[in-house]
Trainee: 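Got a structure for you, questions after.
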Amino acid sequence: MTKKVIAIDLDGTLLQSDNTISNYTIETIKKIQEQGHLVIITTGRPYRMAIEYYKILGLTTPMINFNGSLTHIPEKKWEWEHSIKIDKKYLFEVLKHEKSFEMDFIASEYRKNFYVTNHHPDTIKPELFGVKKVTPNMVLIPEKITRDPNALLMQTRAKDKYQLALDIKKHLNDAIEVDSWGGPLNILECSPKGVHKAYALHYLLKALNKSQDDLIAFGDEHNDTEMLAFAKVGYAMKNANKILLPYADQMTDFDNNQDGVAKQLEKLFL
């Protein structure tokens, strides 16, 4: 059997609603890896928020973070590492409209650190950034922004985050990508123009000398549309947003709280 590249989103896909991975899923993915298939975490999350799951699953493969802005092997030097930045001028423009965009917070994300606005501190969950507490040195003030970030992360109070994403893109003359996370949080993320999960997977397949025909993908949300369309077989989770369905080839029989990814992999390979 040809060894497959299996791209898996985290929130709303591999992770259960409480942000855990079941022992059944962990063991299933380890068995898949033992067969020689390559499991690739492909997430909007920054490295800090994904590395725990990478280690739990016993992965040694590349990981894709920030919706495709960073492709790397965690904690290793890798000649194919690929990092793309978003011009910081777009952060400053979004900051000007923090109130009209109904933002709880806006964060400038980098591989190893972040800065986040603190106008509504009660709405910020530190674990969202992979830390125990948001300290003063993590607070976003314009003077700290001297580097272009990998992504912008925003939590909004807007009732329709999908419409807000469109509004932000229009306001910025369609110069960046704005997508939403899966799961219960009202999260939007901005990436460089033309950068998304499919972009990173296309790059990764070349680095691994693999074909698009070798790619299987699992996702549940708007930021997975390009990935599922690009994959030879793209699975939308049973709990997937309806926006995603036209881009998927199939739907899993079970949702993320029922180990939908693991059960589908078991059916395919075990």
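Computation of the quantities below employed the complete heavy-atom set of this structure, encompassing side-chain atoms and omitting hydrogens, waters and symmetry-equivalent molecules.
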Trainee: Could you tell me which non-hydrogen atom of K85 sits nearest to which non-hydrogen atom of S83, and how far apart they are?
Mentor: CE-OG, 3.4 Å
Trainee: Check the hydrophobic clustering (I, L, V, M, F, W, Y; side-chain heavy atoms under 4.5 Å; chains of links allowed) and say if M63 and I21 are grouped together.
Mentor: yes
Trainee: For a 4.5 angstrom cut-off between non-hydrogen side-chain atoms, does L140 reach N118?
Mentor: no
Trainee: Testing the basics here: between D253 and K267, what is the closest heavy-atom pair and its distance to 0.1 Å?
Mentor: OD2-NZ, 2.7 Å
Trainee: Do you see a donor-acceptor pair shorter than 3.5 Å between the side chains of N186 and T156?
Mentor: no
Trainee: Can you confirm whether the side chains of T25 and T28 place a donor and an acceptor under 3.5 Å from each other?
Mentor: no
Trainee: Does a donor on one side chain sit under 3.5 Å from an acceptor on the other, for H119 and D104?
Mentor: no
Trainee: The criterion is salt bridge (charged side-chain N to carboxylate O under 4.0 Å, His left out); which residues satisfy it with E81, sequence neighbours excluded?
Mentor: R111
Trainee: Clusters formed by hydrophobic residues whose side-chain heavy atoms approach within less than 4.5 Å: which one holds Y162, and what are its other members?
Mentor: I243
Trainee: Can you tell me how far apart CG (L228) and CD (E221) are? Round to the nearest 0.5 Å.
Mentor: 11.5 Å
Trainee: Atom CD1 in I64, atom CD1 in I40: separation rounded to 0.5 Å?
Mentor: 6.5 Å
Trainee: State, with a plain yes or no, whether a side-chain heavy atom of C190 is found less than 4.5 Å away from one of M154.
Mentor: yes
Trainee: When rounded to the nearest 0.5 angstrom, what is the spacing between OG in S69 and CD1 in I86?
Mentor: 7.5 Å
Trainee: Can you see which heavy atom on N65 is nearest to which on A50, and at what distance?
Mentor: ND2-CB, 3.7 Å
Trainee: Under the side-chain contact (heavy atoms from CB on, under 4.5 Å) criterion, do V178 and E189 qualify, and how do the steps go?
Mentor: CA-CA 6 Å; V178 186; E189 185 169 41; over 6 Å; no
Trainee: Do the side chain of Q163 and the main chain of D160 share a donor and acceptor less than 3.5 angstrom apart?
Mentor: no
Trainee: Are the side chains of T13 and N256 in contact, using a 4.5 Å heavy-atom criterion?
Mentor: no
Trainee: Any side-chain heavy atom of P74 sitting closer than 4.5 Å to one from Y47?
Mentor: yes
Trainee: Heavy atoms, side chains only, cut-off 4.5 Å: are Q155 and T123 in contact?
Mentor: yes
Trainee: Would H120 and R157 satisfy side-chain contact (heavy atoms from CB on, under 4.5 Å), going step by step from the backbone distance to the final call?
Mentor: CA-CA 11 Å; H120 304 280; R157 299 182 299 281; 3.8 Å; yes
Trainee: If you look only at pairs with a residue in residues 26-44, which of them pass as a salt bridge (Lys or Arg N to Asp or Glu O under 4.0 Å), with sequence neighbours excluded?
Mentor: none
Trainee: In the hydrophobic clustering (ILVMFWY, side-chain contacts below 4.5 Å, transitive), which residues join L245, or is it alone?
Mentor: M251
Trainee: Identify each donor-acceptor pair in which a side-chain atom of residues 193-209 lies under 3.5 Å from a protein atom, sequence neighbours left out, and give them as a table.
Mentor:
residue: K193; atom: NZ; partner: D174; partner atom: O; Å: 3.1
residue: K193; atom: NZ; partner: D174; partner atom: OD2; Å: 3.1
residue: H196; atom: ND1; partner: A198; partner atom: N; Å: 3.4
residue: H196; atom: ND1; partner: Y199; partner atom: N; Å: 3.1
residue: K197; atom: NZ; partner: D9; partner atom: OD1; Å: 3.0
residue: K197; atom: NZ; partner: T42; partner atom: O; Å: 3.1
residue: K197; atom: NZ; partner: D224; partner atom: OD1; Å: 2.6
residue: Y199; atom: OH; partner: H82; partner atom: NE2; Å: 2.9
residue: Y203; atom: OH; partner: W80; partner atom: O; Å: 2.7

Trainee: Would you say the side-chain atoms of N173 pair up with the backbone N or O of A175, donor to acceptor, closer than 3.5 Å?
Mentor: no
Trainee: How far does CD1 of I6 sit from CD1 of I216, to the nearest 0.5 angstrom?
Mentor: 5.5 Å
Trainee: Who else is in V139's hydrophobic cluster (ILVMFWY, side-chain heavy atoms under 4.5 Å, direct or via others)?
Mentor: none
Trainee: Closest heavy-atom contact between H72 and L70?
Mentor: CD2-CG, 3.5 Å
Trainee: When you compare the side chain of D259 with that of S22, does any pair of heavy atoms fall below 4.5 Å?
Mentor: yes
Trainee: Return the orientation label for the H171 and F101 ring planes: parallel under 30°, perpendicular over 60°, tilted otherwise.
Mentor: perpendicular
Trainee: Tell me whether Y110 contacts the main-chain N or O of R147 through its side chain, where contact means a donor paired with an acceptor under 3.5 Å.
Mentor: yes
Trainee: Rounded to the nearest 0.5 Å, what's the gap from CD on Q33 to OG1 on T60? Could you check?
Mentor: 6.5 Å
Trainee: Out of the candidates D179, T43, N67, only one should pair with N223 under the side-chain hydrogen bond (donor to acceptor under 3.5 Å, both in side chains) rule; please name it.
Mentor: N67
Trainee: Using residues 125-136 as the side-chain source, report each donor-acceptor pair under 3.5 Å to any protein atom, sequence neighbours left out, with the distance given to one decimal.
Mentor:
residue: T135; atom: OG1; partner: N137; partner atom: OD1; Å: 2.3

Trainee: Tell me whether the count of non-hydrogen atoms from other residues, nucleotides or ligands lying under 6.0 Å of NZ in K232 goes above 12.
Mentor: no
Trainee: Please list, chain by chain and in numerical order, all residues satisfying salt bridge (charged side-chain N to carboxylate O under 4.0 Å, His left out) with K88, sequence neighbours excluded.
Mentor: D148
Trainee: Where do I32 and V39 land on the side-chain contact (heavy atoms from CB on, under 4.5 Å) test, with the steps shown first?
Mentor: CA-CA 8 Å; I32 296 299; V39 175; 4.3 Å; yes
Trainee: Under the side-chain contact (heavy atoms from CB on, under 4.5 Å) rule, what do M227 and L215 come out as? Steps first, then yes or no, please.
Mentor: CA-CA 10 Å; M227 175 173 74; L215 181 63; 5.8 Å; no
Trainee: Linking I/L/V/M/F/W/Y whenever any side-chain heavy atoms sit under 4.5 Å apart, do I41 and I29 land together?
Mentor: yes
Trainee: Y53 and L38: same hydrophobic cluster, using ILVMFWY side-chain contacts below 4.5 Å?
Mentor: yes
Trainee: Linking I/L/V/M/F/W/Y whenever their side-chain heavy atoms sit closer than 4.5 Å, directly or via other members, would I106 and I176 fall into one cluster?
Mentor: yes
Trainee: If you look only at pairs with a residue in residues 38-65, which of them pass as a salt bridge (Lys or Arg N to Asp or Glu O under 4.0 Å), with sequence neighbours excluded?
Mentor: D11-R45, R48-E109, K55-E75
Trainee: Once salt bridge (charged side-chain N to carboxylate O under 4.0 Å, His left out) is applied, do any residues pair with E93, and if so which ones, sequence neighbours excluded?
Mentor: K96
Trainee: Testing the basics here: between Q35 and F269, what is the closest heavy-atom pair and its distance to 0.1 Å?
Mentor: NE2-O, 3.1 Å
Trainee: Just wondering, do N241 and D220 contact through their side chains at under 4.5 Å, heavy atoms?
Mentor: no
Trainee: Output the rest of the hydrophobic cluster of I141: all Ile, Leu, Val, Met, Phe, Trp and Tyr residues reachable through side-chain heavy-atom contacts under 4.5 Å, sorted by chain and number.
Mentor: none
Trainee: Quick one: pull up OH in Y235 and CG in D249 and give me the separation to the nearest 0.5 Å.
Mentor: 8.5 Å
Trainee: Would you find more than 12 non-hydrogen atoms of other residues, nucleotides or ligands less than 6.0 Å from F105 atom CZ?
Mentor: yes
Trainee: For D87, give me all partners under salt bridge (charged side-chain N to carboxylate O under 4.0 Å, His left out), at least two apart in sequence or on another chain.
Mentor: none
Trainee: Can any side-chain N or O of K210 pair as donor or acceptor with the backbone N or O of K4 at less than 3.5 Å?
Mentor: no
Trainee: Should V94 and L166 be regarded as members of a common hydrophobic cluster, given that ILVMFWY residues are connected when their side-chain heavy atoms come within less than 4.5 Å of each other, either directly or indirectly?
Mentor: no
Trainee: Could you check if a side-chain atom of V261 sits within less than 4.5 angstrom of a side-chain atom of I8, using non-hydrogen atoms only?
Mentor: yes
